[in-house]
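These notes are about the structure you will find just below.
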Amino acid sequence: VQLQASGGGLVQPGGSLRLSCAVSGRFFRINDMGWDRQAPGKQRELVARIFSDGSTNYVDNVKGRFTIARDNAKNTVYLQMNSLKAEDTAVHYCTVRTGIDYWGKGTLVTVSS
């Protein structure tokens, strides 16, 4: 199973970015999908997760600003990030559970003026 993330980059505070992660390879089904992030000097944390029934959860400090979505036909998960803040700067990793947990290579999001 391979996870290909894209969409990171440099954005000014208050700006927006959309991350995408496409899943390929052999698997029976994808259960939940999500995004973690790791900021410099900090532990990795869950940002958002979307379950097979479409329900979602978010870490408190992104609620109201970030939206996670999935396209099951494309085996792709998205993270729309609005009103970005400097503290959102981190390497973002997509995660997938198929019965086995997989993580993609990270994509760097830098929020700076």
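Values below: all heavy atoms of this structure, side chains included; hydrogens, waters and symmetry mates excluded.
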Give, for atom [atom1] of [X] and atom [atom2] of [Y], the distance between the pair rounded to the nearest 0.5 Å.
X	Y	atom1	atom2	value
Q4	S24	CD	OG	8.0 Å
L84	F66	CG	CZ	5.0 Å
Y102	L3	OH	CG	9.5 Å
L10	T89	CG	OG1	8.5 Å
T56	I50	OG1	CD1	6.5 Å
N57	I68	CG	CD1	8.5 Å

Legend entry - For D101, side chain to side chain donor-acceptor pair (under 3.5 Å) partners two or more places apart: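 Testing D101 for side chain to side chain donor-acceptor pair (under 3.5 Å), a comparison that skips the adjacent residues, returns none.
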Please report the closest heavy-atom contact between [X] and [Y], naming both atoms and the distance.
X	Y	value
R26	V1	O-CG2, 3.5 Å
N75	F27	ND2-CZ, 3.6 Å
W35	S20	CH2-O, 3.6 Å
V47	V62	O-CG2, 3.8 Å
G7	L17	O-CD2, 3.8 Å

I'd like a table of donor-acceptor pairs (distance under 3.5 Å, sequence neighbours excluded) in which one partner is a side-chain atom from residues 105-113, with atom names and distances.
| from | atom 1 | to | atom 2 | distance (Å) |
| --- | --- | --- | --- | --- |
| T107 | OG1 | G8 | N | 3.3 |

Legend entry - Partners meeting salt bridge (Lys or Arg N to Asp or Glu O under 4.0 Å) with E45 (sequence neighbours left out):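 Only R37 meet the salt bridge (Lys or Arg N to Asp or Glu O under 4.0 Å) criterion with E45.
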Inset, instruction - Could you list the residues that satisfy salt bridge (Lys or Arg N to Asp or Glu O under 4.0 Å) with R65, not counting sequence neighbours? - result: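 Counting only residues at least two positions away or on another chain, R65 forms a salt bridge (Lys or Arg N to Asp or Glu O under 4.0 Å) with D88.
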Inset, instruction - Show the numbers, then the answer: is there a side chain to side chain contact (heavy atoms under 4.5 Å, CB included) between Y78 and L19? - result: CA-CA 5 Å; Y78 305 95; L19 305 183; over 6 Å; no
Inset, instruction - Start with the C-alpha distance between N82 and S16, add both sets of side-chain angles, then the distance that settles side chain to side chain donor-acceptor pair (under 3.5 Å), and finish with yes or no. - result: CA-CA 4 Å; N82 298 329; S16 298; 2.9 Å; yes
Inset, instruction - Answer yes or no: is there a side-chain heavy-atom contact under 4.5 Å between V96 and W103? - result: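 Side-chain contact under 4.5 Å: no.
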Inset, instruction - Check whether any side-chain heavy atom of L46 sits under 4.5 Å from a side-chain heavy atom of V59, and report yes or no. - result: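 A side-chain contact is absent here, since even the closest heavy-atom pair is not under 4.5 Å.
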Inset, instruction - Please test R97 against R49 for side chain to side chain contact (heavy atoms under 4.5 Å, CB included), starting from the C-alpha separation and ending with a verdict. - result: CA-CA 11 Å; R97 292 178 178 170; R49 187 164 302 281; 4.1 Å; yes
Legend entry - Side-chain H-bond candidate by donor/acceptor type, N31 with S52, under 3.5 Å: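 The answer is no; no qualifying pair exists.
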Inset, instruction - Verify, without hydrogens or angle tests, whether S55 (side chain) and D53 (backbone) share a donor-acceptor contact under 3.5 angstrom. - result: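 No: the side chain of S55 does not pair with the backbone of D53.
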Inset, instruction - Taking side chain to side chain contact (heavy atoms under 4.5 Å, CB included) as the test, write out the residues that go with Q38, two or more places apart. - result: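 Result, side chain to side chain contact (heavy atoms under 4.5 Å, CB included) vs Q38: R44, Y93.
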Inset, instruction - Determine, step by step, whether R70 and N72 satisfy the side chain to side chain contact (heavy atoms under 4.5 Å, CB included) criterion, reporting the C-alpha distance in whole Å, the side-chain angles of both residues, the deciding distance to 0.1 Å, and the verdict. - result: CA-CA 6 Å; R70 63 191 284 172; N72 293 326; 2.7 Å; yes
Inset, instruction - For residues 5-15, pull every pair meeting side chain to side chain donor-acceptor pair (under 3.5 Å), keeping only residues two or more places apart or in separate chains. - result: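 Qualifying pairs: none.
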Legend entry - Common cluster, V23/I100, ILVMFWY with side-chain heavy-atom separation under 4.5 Å: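 As far as the 4.5 Å side-chain criterion goes, I100 and V23 are connected within one cluster.
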Inset, instruction - Give the intermediate values and the outcome of side chain to side chain contact (heavy atoms under 4.5 Å, CB included) for residues M81 and H92. - result: CA-CA 12 Å; M81 305 184 292; H92 287 65; 4.1 Å; yes
